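Inspection log for the structure reproduced underneath, given as structure tokens.
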Amino acid sequence: MSDAGAVLVINSGSSSLKFGLFVEHAGRDTVRFKGSATHIGAEQGRFVLEDGEGRQVRAEDVRHPTQEDAFHAAVRHLEAAGAPRPLAIGHRVVHGGPRLREHQALTPEVLEALEDATHFAPLHIPPALTLIRAAQARYPGVPHFACFDTAFHATLPPAASTLPLPRAVRAQGVQRYGFHGLSYESIVARLGPAVPARAVVAHLGSGASLVALDHGRSVDTSMGFTPTGGIPMGTRTGDLDPGVLLYLLRTCGLDAGALEAVVNREAGLRGLSEGTSDMRALTRDAEAGDAAAALALDVFTRSIAKTVGAYAAVLGGLDLLVFTGGIGENSAGVRQRVCATLGHLGITLDAGRNEAGAEVISAQASACPVRVLPSDEEGQLARHTRRLLRG
């Protein structure tokens, strides 16, 4: 396999950095190296680098204080492994605000627009800009491209994207944007011509959302103006009665920073369980009789099932349900709990196939197929980067 025309993709999360080096082979982008740095900012992190066959090239417990530190470590280890210099670099950007809704080259004008959009995602855009600048400094003269999670949801109809607020507020770009777009795009690409007319995809991880797909196009999604909305997540509240926020402001004296910490870092599964957002630990503790862990699982799975039911109503029925993301792909218990409440849609699981993590986990008699498909955000980034590079 030739290493000519390699593209490097960078996928940064709140406490992780995933990356991949892709080369073109037989007209398709094929992974040459892939890796991740996890628990960034914590006292102890983990770095892993694998080749395209999944063989481990490097693995170590190491602390990375920032995303930028993790990026430089990734570059060093890629070079040490003999990776070629990339021809282009693709960056996942969670939110581009109202002006940036298409994947595009990171020109000075686009970077300026991204800086202006910081107030739309203050937790995500500043670190993304820092990482972009670090990559541009490390690879000067190499074209860089931004791929926005919000781009996939640009097809939302007004009834789904419009928030019930005064026109003056909406004119400032306050609307439903939707996120996890690259993940959803990768699922649609995986389904290809087999994508049905009416599908719901549940991307379940530390950040979690669902999307309603009409022939592969996003027509509704659970995350809204920011990635805090929708179903409860690892440490995020999901949707809340706005009165709760007013209560916290008035009664508890919280300022904007403290309120942000509550809804984004102290809530969700961690807040409900009074300690952890790790699904494996929650499942273990719930099975051992921990009432708080059991409640966290009940709230989480109930919210997912409610959203699937709502999207079946939006779509006029359901032809396919897909689970993806770290929890969606690996937690048989979450999948079972969600589907157990969807019998009215004709959904039944094959318990053995679900426990084994098979691709198709629905029973033969199920009216709607249920599949477990891996998300491939890095592969989707590579495809967009290659397409944009070619103009």
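In this text the structure is predicted, and so the values were computed from the model without any measurement.
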Treating T237 as the side-chain partner and A267 as the backbone partner, does any N or O pair qualify as donor plus acceptor under 3.5 Å? no

Pair F225 + F120: ring centers closer than 6.0 Å: yes

Main-chain N/O of S183 paired to S186 side chain as donor or acceptor, under 3.5 Å: yes

So K34 and D51, salt bridge (charged side-chain N to carboxylate O under 4.0 Å, His left out) or not? Walk me through it. CA-CA 6 Å; K34 62 180 178 180; D51 66 15; over 6 Å; no

In short, R236 meets T228 closest at the heavy-atom pair CD-CA, 4.1 Å

Main-chain N/O of F300 paired to S303 side chain as donor or acceptor, under 3.5 Å: no

When you group the ILVMFWY residues by side-chain heavy-atom contacts below 4.5 Å and let the links chain together, are L389 and V142 in the same group? no

Is there a path of hydrophobic side-chain contacts, each under 4.5 Å between heavy atoms of I/L/V/M/F/W/Y residues, joining V48 to I10? no

Report the C-alpha separation of F152 and R217 in whole Å, then their side-chain angles, then the decisive distance to 0.1 Å, and conclude whether the side-chain contact (heavy atoms from CB on, under 4.5 Å) test is met. CA-CA 8 Å; F152 181 68; R217 297 169 69 252; over 6 Å; no

Separation of T301 OG1 from L204 CG (nearest 0.5 Å): 10.5 Å

Does R170 CZ have over 12 foreign heavy atoms under 6.0 Å away? yes

For the CG atom of D285 and the OG atom of S273, what is their distance to the nearest 0.5 Å? 8.0 Å

Under 4.5 Å between side-chain heavy atoms, counting indirect links through other Ile/Leu/Val/Met/Phe/Trp/Tyr residues: same cluster for V219 and L210 or not? yes

Between F47 and F19, how do the two ring planes meet: parallel, tilted or perpendicular, split at 30° and 60°? parallel

Using modelled atom types only, decide if a donor and an acceptor are shared between the side chain of D149 and the backbone of L182 within a distance under 3.5 Å. yes

Testing the 3.5 Å rule here: is there a donor-acceptor pair between the side chains of H95 and T150? no

Work out which heavy atom in S206 is nearest to a heavy atom in M233; give both atom names and the distance. O-CB, 3.3 Å

Just verifying a value: how many Å separate T307 OG1 and R302 CZ, rounded to the nearest 0.5 Å? 11.5 Å

Does any N or O in the side chain of T385 come within less than 3.5 Å of the main-chain N or O of L381, such that one atom is a donor and the other an acceptor? yes

Keeping the roles fixed (side chain from T130, backbone from P126), state whether a donor-acceptor pair exists under 3.5 Å. yes

Flag for Q336-N354: side-chain donor and acceptor within less than 3.5 Å: no

Per the salt bridge (charged side-chain N to carboxylate O under 4.0 Å, His left out) rule, which among R387, R32, R390 passes with E24? R390

Check A296 against L269 and note the closest heavy-atom contact, atom names and distance. O-CD2, 3.6 Å

Looking only at heavy atoms, what is the nearest atom pair of V370 and S362, with distance? N-OG, 3.1 Å

To the closest 0.5 Å, what do you measure between CG (D255) and CG (L249)? 9.0 Å

State, without any angle test, whether Q380 and R383 hold a side-chain donor-acceptor pair at a distance under 3.5 Å. yes

Electrostatic pair R58-E79, nearest N-O below 4.0 angstrom: no

Can you give me the closest heavy-atom contact between R371 and L191, atom names plus distance? NH1-CD2, 3.3 Å

Sidechain N-carboxylate O distance under 4.0 Å for D298, R337: yes

Contact summary for P374 and I187, nearest pair of heavy atoms: O-CD1, 3.8 Å

Say whether, by atom type as modelled, one donor and one acceptor occur between the side chain of D61 and the main chain of R46 under 3.5 angstrom. no

Hydrophobic cluster identity match, V7 and F145, side-chain contacts under 4.5 Å: no

If you round to the nearest 0.5 Å, how far is CG of N330 from CZ of F323? 13.0 Å

Taking atom types as modelled and ignoring hydrogens, do the side chains of T221 and Y311 form a donor-acceptor contact shorter than 3.5 angstrom? no

Taking the side chain as every heavy atom from C-beta outward, state whether C339 and L321 have any atom pair closer than 4.5 Å. yes

Determine yes or no for a side-chain-to-main-chain donor-acceptor pair under 3.5 angstrom, with R176 supplying the side chain and M223 the backbone. yes

Donor-acceptor pair between H203 and T324 side chains, under 3.5 angstrom: no

Value rounded to 0.5 Å, distance of CG in L106 from CD1 in I132: 4.5 Å

State whether the side chain of D350 and the backbone N or O of R353 hold a donor-acceptor pair below 3.5 Å, judged by distance alone. yes

Between T226 and Y177, does the side-chain hydrogen bond (donor to acceptor under 3.5 Å, both in side chains) criterion hold? Intermediate values first, please. CA-CA 7 Å; T226 73; Y177 286 95; over 6 Å; no

Side-chain donor-acceptor pair present, E377, H180, cut-off under 3.5 Å: no

Hey, quick one: are V110 and V94 part of the same hydrophobic cluster, counting side-chain heavy atoms closer than 4.5 Å, chains of contacts allowed? no

So does F148 get a backbone contact from the side chain of H103, meaning a donor-acceptor N/O pair under 3.5 Å? yes

Do P227 and N264 come close enough that some side-chain heavy atom pair is under 4.5 Å? no

Can you tell me if CD on E260 sees more than 12 non-hydrogen neighbours from other groups inside 6.0 Å? yes

Short N-O contact, D69 and R63, less than 4.0 angstrom: no

